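Reviewing the structure listed below.
Numbers here simply count residues along the sequence, with the first being 1. If you're wondering where the values come from, they're calculated on a predicted model, not measured in any experiment.
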Amino acid sequence: MAALARAEPGKGRAGLSARTILLTAVAMVAFAANSLLCRLALGAHEIDAASFTTIRVVSGVITLVLISFAQKRLPSRSNANWRSALALFAYMVFFSFAYISLGAANGALILFGAVQLTMFAAALSAGERFPVLSWSGLAVAVAGLVYLVSPGLSAPDPLGAALMAVAGIAWGFYSLLGRGAPDPLAATTMNFIYCAPLVVIVSLFSLSQIDLSPIGIAYAIVSGAIASGCGYVIWYAALRGLTAGRAATVQLSVPVIAAIGAAILLSEPITLRLVLASAATLGGVALVLAQRAVPAAKLATREPAAGQ
């Protein structure tokens, strides 16, 4: 989710207000909570993946529409983007089905790594150039993910890992498509609305596998309404006090928060493989982000003023 930071660039202040710090912390917990809630529901077979996805999206739609009404910023078709809606749909579906077999910590790390690698590849294709240290960071991050999913006693399920990687790629594209949205709340609301009928179709094709329980439905509603709907709105509010670099870097905490939450709530073991893979992947991505900011700053100082 790092590219959401680009939806509204920060103001570049040297320090951070207590409000910004609080909002950022809450947003990161919300993002990690999606992994925990999904695994809580699917790992215990409280709900099927298709139903979880549908309830999550519909709950998000209702929440975002209510927030839009409260702020008197009603979304319209002009805020919609079918490509973004399709990317959101792919993320939602593959995310849920991946967590049938993945642990919350492993899933969050694979998702996060895939998102960042997707955005790095998009930057390369757009003509951005990176220093040697950035390529070194990319190599370390990829090595961390390869090590995590390589065969072994503590390796995550291969199918689940592949599904989560696809979810990460989809979220990366969704974030890239939404960078230029003039009204992130309206755009997100319309993307959720357009995504809703698509996930309903998936549920219709999965009727034979439907499995619902009150607690599973509750997990899906909380994931959609609070962790997704409210979480995104809180994140947009936090962005007003963050620079783009800070907004991107702070999301390195999401897999760590998910791992801690998984250990406490799901009794998932924090294995040596997960620790080493996390250190390599998150450290490599941090190195890439740090190096990307340097050329951008230099370029800005050399750029001639308008009219020259």
- Task: Heavy atoms only: give me the nearest Ser278-Leu109 pair and the separation to one decimal.
- Result: OG-CD2, 3.5 Å

- Hey, any chance Val254 and Ile257 share a hydrophobic cluster, counting ILVMFWY side chains that come within less than 4.5 Å of each other, even indirectly? yes

- Can you see which heavy atom on Ala165 is nearest to which on Ile110, and at what distance? N-CG2, 3.9 Å

- Message: Grouping I, L, V, M, F, W and Y whenever their side-chain heavy atoms are under 4.5 Å apart, do Phe69 and Ile67 come out in a common cluster?
- Response: yes

- Message: Would you say Trp82 ends up clustered with Val202 if hydrophobic residues are merged whenever their side chains have heavy atoms under 4.5 Å apart, either directly or through other cluster members?
- Response: yes

- Task: For Thr118, enumerate each residue passing the side chain to side chain donor-acceptor pair (under 3.5 Å) test, keeping only those at least two apart in sequence or located in another chain.
- Result: none

List the atom pairs, with distances to 0.1 Å, where a side-chain N or O of residues 222-230 and a protein N or O form a donor-acceptor pair under 3.5 Å, not counting sequence neighbours.
{"residue": "Ser223", "atom": "OG", "partner": "Asn34", "partner atom": "OD1", "Å": "2.6"}
{"residue": "Ser223", "atom": "OG", "partner": "Arg56", "partner atom": "NE", "Å": "3.4"}
{"residue": "Ser228", "atom": "OG", "partner": "Asn34", "partner atom": "OD1", "Å": "3.4"}
{"residue": "Ser228", "atom": "OG", "partner": "Asn34", "partner atom": "ND2", "Å": "3.4"}
{"residue": "Ser228", "atom": "OG", "partner": "Arg56", "partner atom": "NE", "Å": "3.2"}
{"residue": "Ser228", "atom": "OG", "partner": "Arg56", "partner atom": "NH2", "Å": "3.1"}
{"residue": "Ser228", "atom": "OG", "partner": "Ser223", "partner atom": "O", "Å": "2.9"}

Taking distance alone, no hydrogens or angles, what donor-acceptor pairs closer than 3.5 Å link side-chain atoms of residues 35-50 to residues at least two apart or in another chain?
{"residue": "Ser35", "atom": "OG", "partner": "Tyr99", "partner atom": "OH", "Å": "2.9"}
{"residue": "Arg39", "atom": "NE", "partner": "Leu102", "partner atom": "O", "Å": "3.1"}
{"residue": "Arg39", "atom": "NH1", "partner": "Tyr99", "partner atom": "O", "Å": "2.9"}
{"residue": "Arg39", "atom": "NH1", "partner": "Ile100", "partner atom": "O", "Å": "3.1"}
{"residue": "Arg39", "atom": "NH1", "partner": "Leu102", "partner atom": "O", "Å": "3.3"}
{"residue": "Glu46", "atom": "OE1", "partner": "Ser213", "partner atom": "OG", "Å": "2.7"}
{"residue": "Asp48", "atom": "OD1", "partner": "Ser51", "partner atom": "OG", "Å": "2.7"}
{"residue": "Asp48", "atom": "OD1", "partner": "Asp211", "partner atom": "N", "Å": "2.9"}
{"residue": "Asp48", "atom": "OD2", "partner": "Ala50", "partner atom": "N", "Å": "3.4"}
{"residue": "Asp48", "atom": "OD2", "partner": "Ser51", "partner atom": "N", "Å": "2.9"}
{"residue": "Asp48", "atom": "OD2", "partner": "Ser51", "partner atom": "OG", "Å": "3.1"}

- Message: With rounding to the nearest 0.5 angstrom, report the CZ to CG distance, Phe97 to Leu159.
- Response: 11.0 Å

- Query: Which class fits the ring pair Trp235 and Phe31: parallel under 30°, tilted 30 to 60°, perpendicular over 60°?
  - Reply: perpendicular

- On a heavy-atom basis, the closest approach of Thr20 and Ala238 is CG2-O, 3.8 Å

- Looking at CG of Asn106 and CG of Leu111, how far apart are the two atoms once the value is rounded to the nearest 0.5 Å? 12.5 Å

- Met164 side, atom CE; Tyr91 side, atom OH - distance, nearest 0.5 Å: 8.0 Å

- About how many Å separate OG1 of Thr24 and CE of Met28, when rounded to the nearest 0.5 Å? 6.5 Å

- In short, Gly231 meets Ala30 closest at the heavy-atom pair CA-CB, 3.9 Å

- Message: Applying a strict under-4.5 Å side-chain criterion to I, L, V, M, F, W and Y, I'd like to know whether Phe205 and Phe89 cluster together.
- Response: no

- Query: Do Val61 and Phe95 share a hydrophobic cluster, counting only Ile, Leu, Val, Met, Phe, Trp and Tyr and linking them when any side-chain heavy atoms are less than 4.5 Å apart?
  - Reply: yes

- Note on the structure: Ala114 and Gly168 have their tightest heavy-atom pair at CB-CA, 3.8 Å

- Note on the structure: For Gln209, the side chain to side chain donor-acceptor pair (under 3.5 Å) test, sequence neighbours excluded, returns none

- Message: For Ser59 versus Ile55, what's the shortest heavy-atom pair and its separation?
- Response: OG-O, 2.7 Å

- Item | Test side chain to side chain donor-acceptor pair (under 3.5 Å) applied to Ser203 - qualifying residues, sequence neighbours left out | Thr54

Please tabulate, for side-chain N and O atoms in residues 189-200, each donor-acceptor pair with protein atoms closer than 3.5 Å (sequence neighbours left out).
{"residue": "Thr189", "atom": "OG1", "partner": "Leu185", "partner atom": "O", "Å": "2.8"}
{"residue": "Asn191", "atom": "ND2", "partner": "Tyr174", "partner atom": "OH", "Å": "3.3"}
{"residue": "Asn191", "atom": "ND2", "partner": "Ala187", "partner atom": "O", "Å": "3.1"}

